[in-house]
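In what follows, a single structure is set out as structure tokens and then discussed.
Residue numbers start from 1 in every chain, and the chains themselves are labelled A, B, ... in the order their sequence lines are given, proteins ahead of strands.
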Protein chains: 2
Amino acid sequence: MSTSVDLVYEQVRQMAANFEFKPAERINESELSKQLGASRTPLREAMNRLTAEGLLMFEPGRGFFCQPLTPELVVHLYEIREALETAAIRAAVERASDDDIAILRQFLTDTADRYADGTPTKEIVRLDEEFHLMIAGLSGNPELVNMIKLTYERIRYVRWIAMRERIDITHAAHLHIFEALENRDSQAAEERMRTHIKTHNAEATEIVGKAYSNLYVPQH
Amino acid sequence: MSTSVDLVYEQVRQMAANFEFKPAERINESELSKQLGASRTPLREAMNRLTAEGLLMFEPGRGFFCQPLTPELVVHLYEIREALETAAIRAAVERASDDDIAILRQFLTDTADRYADGTPTKEIVRLDEEFHLMIAGLSGNPELVNMIKLTYERIRYVRWIAMRERIDITHAAHLHIFEALENRDSQAAEERMRTHIKTHNAEATEIVGKAYSNLYVPQH
DNA sequence: ACCCCATATTCTGTATACAATTCCGCATCC
DNA sequence: GGATGCGGAATTGTATACAGAATATGGGGT
């Protein structure tokens, strides 16, 4: 039941996923531990986990740093998403039961309105992730689900930015993907998923690229 | 900086990857830390990292456990390998320079004999991993390379077992894959890689399933 | 024999202390 | 002016102590 490390872990994870640290910022352990109301020992344990998950960096003797999101990293993580999620949906087409598919359809109809009624973007991103993770779950491969989750953590912030301009068409894209799954059309499902992710990749990369060029405008 | 954590980390990683812990065994921190000549603090930091990487399990209040390799887990990890490595070789076909390809060919010719001259299996597995990671590297996606590496860590022991009966045909399979890459034939490269990994998946799973209890006898 | 509960023991979870290292400002030198 | 070296302060790395939870132990009741 003891949980100080888990609490700290969740808090720091949130902070990292929501980019409350400045990119490449060095994280002061004493300060952060005070802020979180724990000592350095559990904090360091949590940060070690997060480093292994790719949310932080670590340099021996210098400490922990925020892992900056560069345009290259975004491209790379979206490529990984594409690989993992196309594999997942292929497996899902093979392995999902009709009941599973019915549940997924229910989820889509239940949440359809949310994409148009001014629900906060943060919540939309959550629904979006949930849909993708439900499909991943139908692959029957929990390790795969876990890897996809970890990848999401690392790009959640940029997805949040990108989603603000995409909310309207996201649900349609999901429905399109779902229908291929429902028809047990493996090739279509994979291809639609790939296209979906590639589209978001392009947008997210553009956004991060813009943010970067804004940061580095030379001053005269 | 001497970094006891990194030393301990590497040692425990080796122990986990080589299955020197019994499956699902609870790991006694004090004992292991004495054995490794460090205190519990760096040991726990290392084990937290390894837990995030999937080599160990953690239960709050109960400590760290060896993550057992079940047949299901092997299937799942090979599916992930398949997804990641087919994506990697597709990217490699697009992005590798002619020089990169020449280096890869050199590697294959340099190491060809090793697969037939009684080189220890452990070394063959290393060469096998190196070939696959070179291709992954040509994808230009270091995050992808890293995920593939982590997946290898988790199945290295079973690959070692499986490889003992496969050494002769492995090099031929690699050459076959390489030639598709050399010809810039994306579809053939992907399909050959997929078949290669699927074959190993089937074998590895069979081995783990058959000899589940015998798998964990200490090796020499 | 078996189960249950109280107690003892072991082990984990966290705080803290201190050593080792890096960082930073400042003076010095070229 | 820029590079270099040298304290001193700040920060990380690791050991250790101790509280509390989990587990093992043992005895008494059924």
With sequence neighbours excluded, residues passing ring-ring contact (aromatic ring centres under 6.0 Å, His included) with A:F65: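 Applying ring-ring contact (aromatic ring centres under 6.0 Å, His included) to A:F65 gives none.
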Residue list, ring-ring contact (aromatic ring centres under 6.0 Å, His included) with B:Y78, at least two apart or on another chain: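 None.
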Out of [options], which nucleotide sits closest to the side chain of [X]?
{"X": "B:N28", "options": "C:dT22, C:dT12, D:dT14", "result": "C:dT12"}
{"X": "A:S30", "options": "D:dT12, C:dT14, C:dG13", "result": "D:dT12"}
{"X": "B:V5", "options": "D:dG13, D:dA15, D:dT14", "result": "D:dT14"}
{"X": "B:R44", "options": "D:dT14, C:dT14, C:dT22", "result": "C:dT14"}
{"X": "A:T41", "options": "D:dA22, C:dT12, C:dA15", "result": "C:dA15"}
{"X": "A:R26", "options": "C:dC23, D:dT23, D:dT16", "result": "C:dC23"}

Sequence-distant partners of B:E72, side chain to side chain donor-acceptor pair (under 3.5 Å), two or more places apart: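 Expected list: B:T70.
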Residues in side chain to side chain donor-acceptor pair (under 3.5 Å) contact with B:E123, at least two apart in sequence or another chain: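 Applying side chain to side chain donor-acceptor pair (under 3.5 Å) to B:E123 gives B:R114, B:R126.
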Axis bend over the full length of the helix from C:dA1-D:dT30 to C:dC30-D:dG1, computed from five pairs that close each end, to 10 degrees: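 The helix from C:dA1-D:dT30 to C:dC30-D:dG1 shows an end-to-end axis angle of 30°.
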Using atom [atom1] of [X] as one end and atom [atom2] of [N] as the other, report the distance to the nearest whole Å.
{"X": "B:E29", "N": "D:dT16", "atom1": "CD", "atom2": "P", "value": "16 Å"}
{"X": "A:E59", "N": "D:dG13", "atom1": "CD", "atom2": "P", "value": "11 Å"}
{"X": "A:K34", "N": "D:dA10", "atom1": "NZ", "atom2": "P", "value": "11 Å"}
{"X": "B:R49", "N": "D:dG13", "atom1": "CZ", "atom2": "P", "value": "10 Å"}
{"X": "B:L7", "N": "D:dA15", "atom1": "CG", "atom2": "P", "value": "11 Å"}
{"X": "B:L56", "N": "C:dT12", "atom1": "CG", "atom2": "P", "value": "13 Å"}
{"X": "A:I27", "N": "C:dT22", "atom1": "CD1", "atom2": "P", "value": "19 Å"}
{"X": "B:D6", "N": "D:dG13", "atom1": "CG", "atom2": "P", "value": "9 Å"}

Pairs meeting criterion ring-ring contact (aromatic ring centres under 6.0 Å, His included) with involvement of residues 121-142 of chain B, two or more places apart: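 Of all non-adjacent pairs touching residues 121-142 of chain B, those that pass ring-ring contact (aromatic ring centres under 6.0 Å, His included) are B:F131-B:H174, B:H132-B:H174, B:H132-B:H196.
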Passing candidate, salt bridge (charged side-chain N to carboxylate O under 4.0 Å, His left out) with A:E203, options A:R164, A:K210, A:K198, A:R166: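 Of all the options given, the one that passes is A:R166.
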Result of checking A:R49, A:R13, A:R81 against A:E153 for salt bridge (charged side-chain N to carboxylate O under 4.0 Å, His left out):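 Answer to the salt bridge (charged side-chain N to carboxylate O under 4.0 Å, His left out) test with A:E153 among A:R49, A:R13, A:R81: A:R13.
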Position toward the 5' end of DNA chain D (nearest nucleotide), B:R40 or B:E45: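 Looking at the nearest nucleotide for each, B:E45 comes out on the 5' side.
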Sugar-phosphate, base or nothing in reach of B:L43, heavy atoms under 4.0 Å: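 The answer is nothing, as B:L43 stays clear of every strand by at least 4.0 Å.
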Sugar-phosphate only, base, or nothing, as touched by B:F64 at under 4.0 Å among non-hydrogen atoms: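 Nothing, no heavy atom under 4.0 Å.
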